Amino acid sequence: MQYWLMKSEPDAFSIDDLARVNIEPWDGVRNYQARNMLRDQMQVGDQVFFYHSNCDVPGIVGIAEIAKAGYPDDTACNPDAKYYDPKSTSENPRWYRVDVKFVRKLKRTISLNELKVHPALTEMPLVRKGNRLSVTPVASQHWHDILGLE
DNA sequence: GCCAACGTTGGC
DNA sequence: GCCAACGTTGGC
């Protein structure tokens, strides 16, 4: 089993939204590196840190798990969809998504600032400068270190 | 294949 | 709202 971190802007889709719907298709990812992880690596049962970005206190706010492994993101084929991509077709899909299932909220937000100053977490992609990937792998040691902060 | 221009992400 | 850091696009 692997661990991941997925970013979401709480104004668009928050951990409370996930708690309400329980399972959410994680579509709209239009970055090849992230796509490759969605398509090739994520497996049912993998654990996910749910991260709030672009908000007052960016940080990890909850835990989710992969409920369905990578499958084509057909919102790319819909001309009315926000992330429409005319180069993606249902016969030859360019973009993929997974389904994410709510597990629980953390007791408190573990802020980006805390993660940055934690000596054991300096190698985390998330805290490295300029990282913009919306999906990143989390080393199992890091996963447990972070949960220890809760 | 290079690289300037442009768009996006996301912390601050 | 600003801007640094990237990724993508397209002319050449």
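Model, not experiment: these values are computed from the prediction. Per chain, numbering begins at 1; letters A, B, ... match sequence-line order.
Of the candidate nucleotides C:dT8, B:dG11, C:dG7, B:dG11 has the atom lying nearest to any side-chain atom of A:P58. For A:K7, counting side-chain heavy atoms from C-beta on, the closest listed nucleotide (C:dA5, B:dG11, B:dG10) is B:dG10. Here the side chain of A:Q33 is nearest to one of B:dG11, C:dG7, C:dT8, namely C:dG7. With B:dT8, B:dC12, C:dT8 as the choices, the nucleotide that has an atom nearest any side-chain atom of A:R132 turns out to be B:dT8.
Counting heavy atoms from C-beta on, the side chains of A:K7 and A:L126 come closer than 4.5 Å. A:Q41 has its side chain within reach of A:W4: a pair of non-hydrogen atoms, C-beta onward, lies under 4.5 Å apart.
Between A:K129 and the phosphate of C:dC3, there is no side-chain N or O to OP1/OP2 separation shorter than 4.0 Å. Remark: A:Y51 is in phosphate contact with B:dG11, judged by side-chain N or O atoms under 4.0 Å from OP1 or OP2.
Distance CD (A:E9) to C1' (B:dG11): 12 Å, rounded to an integer number of Å. One can place NE2 of A:H52 at 17 Å from P of B:dT9, the figure rounded to the nearest angstrom. The separation between A:W95 atom CH2 and C:dT8 atom C1' is 10 Å, rounded to whole Å. If you measure from atom CZ of A:R30 to atom P of B:dT8, you get 14 Å, rounded to the nearest angstrom. Between A:D56 atom CG and C:dG1 atom C1' there is a gap of 15 Å when expressed in whole angstrom units. In this entry the distance linking CG of A:N131 with P of B:dG10 reads 8 Å, nearest Å. The distance from atom OH of A:Y32 to atom C1' of C:dT9 is 11 Å, rounded to the nearest whole Å. Between A:Y83 atom OH and C:dG7 atom P there is a gap of 18 Å when expressed in whole angstrom units.
Remark on DNA chain C: of its neighbouring residues A:N54 and A:N31, the 5'-side contact belongs to A:N54, judged by nearest-heavy-atom nucleotide.
A:Y32 and A:R94 are linked by a side-chain donor-acceptor pair at a separation below 3.5 angstrom, with hydrogens and angles left out of the test.
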Exercise answer: donor-acceptor pairs, residues 64-73 of chain A side-chain atoms, under 3.5 Å, sequence neighbours excluded:
residue	atom	partner	partner atom	Å
A:Y71	OH	A:D99	OD1	2.5
A:D73	OD1	A:T75	N	3.0
A:D73	OD1	A:T75	OG1	2.6
A:D73	OD2	A:G28	N	2.9
A:D73	OD2	A:R30	NH1	2.9
A:D73	OD2	A:R30	NH2	3.3
A:D73	OD2	A:T75	OG1	3.4

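Using the six-membered ring where Trp is involved, A:Y3 and A:H144 have ring planes that are perpendicular, over 60° apart on the 30 and 60° scheme.
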